[in-house]
Protein chains: 4
Amino acid sequence: MTDQLISPVRLTATDAPDQPPPGPELDALYRGFERELLVPLWTEIGDLMPPHPRSRAVPHVWRWQNLRALADQAGHLVPVGRGGDRPAIALANPGLGGKPYATPTLWAAIQYLMPGEDAPEHRHTQHAFRFVVEGEGVWTVVNRDPVPMRRGDFLPQAGWAWHAHHNAAATPMAWIDGLDIPMQYQLESQFFEYGRDTVSAQERATPQRSRSERLWGYAGLRPVSVPGAVAGTPLLAYRWQDTDAALTEQLALEDEGYPGTVEPGHAAVRYVNPTNGRDVLPTIRAEMHRIRSGTQTAPVREAGSSVYQVFDGSGTVRVGEHEWRVARGDLFVVPSWQELTIRSEAGRDDSDSHALDLFRFGDAPVFEALGLDRVEVAR
Amino acid sequence: MTDQLISPVRLTATDAPDQPPPGPELDALYRGFERELLVPLWTEIGDLMPPHPRSRAVPHVWRWQNLRALADQAGHLVPVGRGGDRPAIALANPGLGGKPYATPTLWAAIQYLMPGEDAPEHRHTQHAFRFVVEGEGVWTVVNRDPVPMRRGDFLPQAGWAWHAHHNAAATPMAWIDGLDIPMQYQLESQFFEYGRDTVSAQERATPQRSRSERLWGYAGLRPVSVPGAVAGTPLLAYRWQDTDAALTEQLALEDEGYPGTVEPGHAAVRYVNPTNGRDVLPTIRAEMHRIRSGTQTAPVREAGSSVYQVFDGSGTVRVGEHEWRVARGDLFVVPSWQELTIRSEAGRDDSDSHALDLFRFGDAPVFEALGLDRVEVAR
Amino acid sequence: MTDQLISPVRLTATDAPDQPPPGPELDALYRGFERELLVPLWTEIGDLMPPHPRSRAVPHVWRWQNLRALADQAGHLVPVGRGGDRPAIALANPGLGGKPYATPTLWAAIQYLMPGEDAPEHRHTQHAFRFVVEGEGVWTVVNRDPVPMRRGDFLPQAGWAWHAHHNAAATPMAWIDGLDIPMQYQLESQFFEYGRDTVSAQERATPQRSRSERLWGYAGLRPVSVPGAVAGTPLLAYRWQDTDAALTEQLALEDEGYPGTVEPGHAAVRYVNPTNGRDVLPTIRAEMHRIRSGTQTAPVREAGSSVYQVFDGSGTVRVGEHEWRVARGDLFVVPSWQELTIRSEAGRDDSDSHALDLFRFGDAPVFEALGLDRVEVAR
Amino acid sequence: MTDQLISPVRLTATDAPDQPPPGPELDALYRGFERELLVPLWTEIGDLMPPHPRSRAVPHVWRWQNLRALADQAGHLVPVGRGGDRPAIALANPGLGGKPYATPTLWAAIQYLMPGEDAPEHRHTQHAFRFVVEGEGVWTVVNRDPVPMRRGDFLPQAGWAWHAHHNAAATPMAWIDGLDIPMQYQLESQFFEYGRDTVSAQERATPQRSRSERLWGYAGLRPVSVPGAVAGTPLLAYRWQDTDAALTEQLALEDEGYPGTVEPGHAAVRYVNPTNGRDVLPTIRAEMHRIRSGTQTAPVREAGSSVYQVFDGSGTVRVGEHEWRVARGDLFVVPSWQELTIRSEAGRDDSDSHALDLFRFGDAPVFEALGLDRVEVAR
């Protein structure tokens, strides 16, 4: 390893390292480097090897009511049917140079679908999911299996799965999409393919339950006909009813004196692939957190970044030096190694009906797969 | 997933998608997006979801004799001992905006060490290795174990291992370093720490064999005292004598009619972690290839990037649209999904002494860990 | 490997191999062997290395009505409370020399519990489960978590988990126990420990749902507070309602033209550990099969043995050379590599209400862990 | 689980449990059980669920000079060529009822081969190895690759690999075979198949090095042409020269103050599969131990059994209540959970030339695969 490069003066410095004395010979050397496409490390001011992650991304919050209003405007101004285009609008972290990236590895966008619209079938290596903060009426069709989308549902779609979708509702519907686009863009691992031009009547069906749920939607049971571990989850919908019940039970167990919550007053479930019990997608972790009314979480720093959306309730969030009051639909990012604390609003009573529910997704599976995960909890 | 975004008109287009009709309302919408830090996808010209990887990195060759001469100049102009600074010079891929990155995920640098120099102890999460194309006399000290470096040796150093080094030779020595700096920079996973100020006499020793080799350097044998799989390889040196013998035997087996080579006339060994038989480092694959005199390899395309250095012999390399004649020490990069063909020089006879030996390192373990690996061989 | 030993004449012969000519020298040799505790292979008539498994266990059926009657008699004759003793009665395969083994690796017993009885806390390395073919009222207490037992429920209990139980019902209750006692007896891997003398009031509670179900009973969701894979399943009850629904859906999907069943008319679910998607116990596989009315399964041979219990319906089963008509509660064994075919009774109509439901458990995870699994389906 | 069965009075008792009062009704009940092939647990005196493993196998030593003499006698009395039969003689543990089993899971036999003999090709699911305590001249042919056998060599042969062999020497040769025959016999997992009648000239070659060694015999290097993990090791010979050097280095490192040995004065290497770094065979662990002159090992108890052979030196071994002085070639067994202590003979000096070298094989991989491993070291 380039030991020289990582001296305090060099790679971890925020100010310029000492420079060799100028002169015609040094100038000639630098011209030589330039000609040969080389970078001498002693002129490289930067932060390639910092003492800990110093994220280019910055903590930021996007307000749902503003997003929603702009999406609605766009839905009417940008005509439907323009080659499949529709008012999809990505969060652009202010620290990432105007790119449509929420964090250096994650993409988050608000999707807005007008009645009757649909999209042609295609697939790509990027892993993706949808999370619905409000509304219903759209069916996403994954591997020809139509999956209804409703408030609180989490709908993963593993890389290279064929997908399309259609809006059978009479009203527009909005939701958020999460993908690993920035990470795959950096890795240069992306493939994309178009599918059939038209979808069959069967795929335009609007069943209340996907076939994937009928096969995989039973805790601890799997069809004998599908052996082994499958990289992308075969379960295409994780319904709010289950998520809510699981969180409710964790807090109830805590009240009864049993373990289950992450910390006092803080319940959390992770969406997992039933074929291996691991993260729902190979590159994306997704969770739902419930913070009991009037509770504050312990400060946490993690290597890796996350995006949160408030699903219900309200509270105050502190990320690094930033602090915001957040409410339903608001989205915020937690860059790598920035400290996070969440405080839910205190209700008049401490019933769970005043709890703060937060959907979260992040890049933790990538960090774990490569042995780069690190967490620090200040308790 | 943002289905709309990935229509042919949108994300995979090289030309701009159709735009909505201009007007004051659209202007207001765009100002709204800007204010709220949003990027409407229909104005995003780009290639976020291409049909296959289109690397920003370009195929390029760096000539060893030029590198070596510049390193030598720098060694004399940039004074020794400047806070540990020394003439380390990184390859800067012409497609990556002047950054010291060989590919979007890999760092490669020429290291040049003057007699008597040494570097203080430190560690970092970046995985690293050294490969020696010429010279000897330097001892790298990993986890307090001094490891001599000689021509043809491959010396891995897993992330978070303490390391330092010292040049006990009377002459300068040059080698190449490979690291996953660009990938960890993108992921924002880096940690760095300084060690003790001074190294003990024991660490300044110059044994001909490291302790790691004495414990782990026997094929198929492991010390019972170290159970299980260790993420970073405990073996700190892979000696040329073994590598050469293994390649020689593969070609001999081929001559005798047995399997062993990758394809006719093309032998290859991979450096592996003896505790799990997998890649020597969690994020970096390293291999040595030997192509028999007058042989041409089948064209290969892989998702993921590699850097090659000619260790011995000469030949012609074709990467995508580029073709170069290469000789000892020359370095070239193969960006993601660019086709590679190698043709070794035909000798007067077809003895292996005219073979082309190529050291290679790449990011394949990352692709495999995330299920993103893809290879296409045109046979 | 003892090549000589495995010639046709030797180890795979059913008749005696040729013998060396008798005489005083040979006699002396044999006396030498005996004295030194050696066995010369040429006198060993046997089947240590047969061409395929030739099970010592034989196919056999036990009739539920007989078992139930004997258990009932025993329940009254063998007084309650005799040091925790109760009328537990094990199936003894007629081929296994009177040992209480259903197959060479599996134990199956009928348990019969009188009202008010309970058992002290203890634990053992043997993996175990209970399956309830009729009745309710007993709570098993695993790791202090009381779990109600009802018809159709499957209740695993991983090795080394503390357990006890109590019958809160006013009537006796019977169920079957399955364990890996014979396998662990052969391996000599068994440990056993007593727990506390008395159980707390909390453990004598009779909740309708165990705490394990409240934490783990949601498909695709896991508590964030319990990371990683746990060897024994943390889910302590797999309820009939779910199992039945999953089987019903598989057959419905088949009717609609989609995959899901094992073969036409044959639905099957496997009970799995939600932390890794693998078998519910490290040494025991458990499944529920539903065979549509009037359907015959394809003949199957598997390395490894299984025990089946008819849960509902009736039909005809053929195992090797044996054939029986079976009905609710009947138990039968399928020894290693014996061909199995099942034919469900044809109903007046082909509604699923006439389907044959079969609970099955076997030693497949052991075979898979050691790479010894082999299946042959005659389609 | 059959809680009732495992009360102190019942399954873990060494004396008979209390019995119900006799009478005609009880007699009738017992006749019913017998008729229905059932075993009431309260009459079962036994040790199915003991507090810890109580091995049926007993500690025992077999003396090499006696084995060797009997094998030699047999070699002359039992004519060569009797259908492939040859004087193979298995260790029969005195606790296992005369069966040719060294322990409940392991088979060990002395093989004795006369000049010119050879055996036809075949394969079986049983995993096997040979270990050579003296002599040379035989080539074992595994998957058509001839492998020479010499003193100190360990030669594994994974299940289902084709094998044959031939003695090219002018003198008889003896060695030991180890297999998992008893375990596979209990599991009923065995398959066996004959190969070609005659072996080709190529397979009758007598190279000094197998092809497997030429491909896989380099520490930390693997042929790129063979990807992934292979269940049975592809390396067919582990040579004494390497084993000896690795042990020597461990003790030298200890002398220099570095880790490496298992405990003071006790070096040990494990033979492993280079494709995964794990045990050389899926069901058998094999190791070589060197105990410095005058050293005593810490008492160890392990779940699972082992067979040891003294390779060199002499010493005293204590297994459970048994103690023997052992010397070159002597074999002894350590049954499950029996305490083992080894004391090497004190030499006139403490040079390694007086060390005690012990070859060991055991069933640990089975225990680990099933999560049943347990070790207790009394330090």
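Throughout, protein chains are lettered first and strands after them, A, B, ... in sequence-line order, and every chain is numbered starting at 1. The figures here come from the full heavy-atom set of this structure, side chains too, leaving out hydrogens, waters and symmetry mates.
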Segment of [X] engaging chain B (4.5 angstrom heavy-atom cut-off):
X: Tyr101(A); result: side chain
X: Glu193(A); result: neither
X: Ser189(A); result: both
X: Phe367(A); result: side chain
X: Ala90(A); result: both
X: Glu34(A); result: neither

Check [X] against [Y] and note the closest heavy-atom contact, atom names and distance.
X: Ala92(A); Y: Val39(B); result: CB-CG2, 3.6 Å
X: Leu48(A); Y: Pro100(B); result: CD1-CG, 3.9 Å
X: Phe192(A); Y: Pro50(B); result: CB-O, 3.2 Å

Exercise for the section: With side chain to side chain contact (heavy atoms under 4.5 Å, CB included) as the test, would you mind laying out the steps for Leu187(A) and Leu372(B) before giving the verdict? Expected result: CA-CA 10 Å; Leu187(A) 290 179; Leu372(B) 297 169; 4.1 Å; yes
Winner by heavy-atom pair count (cut-off under 4.5 Å) against chain B, out of [options]:
options: Leu26(A), Val142(A), Leu29(A); answer: Leu29(A)
options: Gly304(A), Ala69(A), Pro104(A); answer: Pro104(A)
options: Asp373(A), Asn93(A), Leu91(A), Leu370(A); answer: Leu370(A)

Practice task
Taking only Lys NZ, Arg NE, NH1 and NH2, and the carboxylate oxygens of Asp or Glu, determine whether Glu188(A) and Arg56(B) approach each other closer than 4.0 Å.
Solution key: yes
Exercise for the section: Check whether any side-chain heavy atom of His52(B) lies under 4.5 Å from a side-chain heavy atom of Gln190(A), and answer yes or no. Expected result: no
Problem - Thr105(B) and Gln186(A), any side-chain heavy atoms less than 4.5 Å apart - result: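 Side chain of Gln186(A) against side chain of Thr105(B), heavy atoms only: no contact under 4.5 Å found.
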Exercise for the section: Report yes or no: is the cationic atom of Arg35(B) (NZ for Lys, CZ for Arg) under 6.0 Å from the centre of the six-membered ring of Trp62(A), at an angle within 45° of the ring normal? Expected result: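 Ring-cation test returns no.
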Practice task
Starting at CD of Glu36(A), measure out to CG of Leu70(B) and round the result to the nearest 0.5 Å.
Solution key: 6.0 Å
Handout entry: Sequence-distant partners of Gln73(B), side chain to side chain donor-acceptor pair (under 3.5 Å), two or more places apart
Key =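 Scan of Gln73(B) (side chain to side chain donor-acceptor pair (under 3.5 Å), adjacent residues dropped) gives none.
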Exercise for the section: Report the C-alpha distance between Met49(A) and Thr125(B) in whole Å, list the side-chain angles of each, state the deciding distance to 0.1 Å, and finish with yes or no for side chain to side chain contact (heavy atoms under 4.5 Å, CB included). Expected result: CA-CA 9 Å; Met49(A) 296 187 117; Thr125(B) 52; over 6 Å; no
Problem - Contacts of type salt bridge (charged side-chain N to carboxylate O under 4.0 Å, His left out), residue Glu25(A), not counting sequence neighbours - result: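 With sequence neighbours excluded, Glu25(A) shows a salt bridge (charged side-chain N to carboxylate O under 4.0 Å, His left out) to no residue whatsoever.
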Practice task
Could you check whether the rings of Trp337(A) and Phe191(B) sit parallel, tilted or perpendicular, using 30° and 60° as the cut-offs?
Solution key: perpendicular
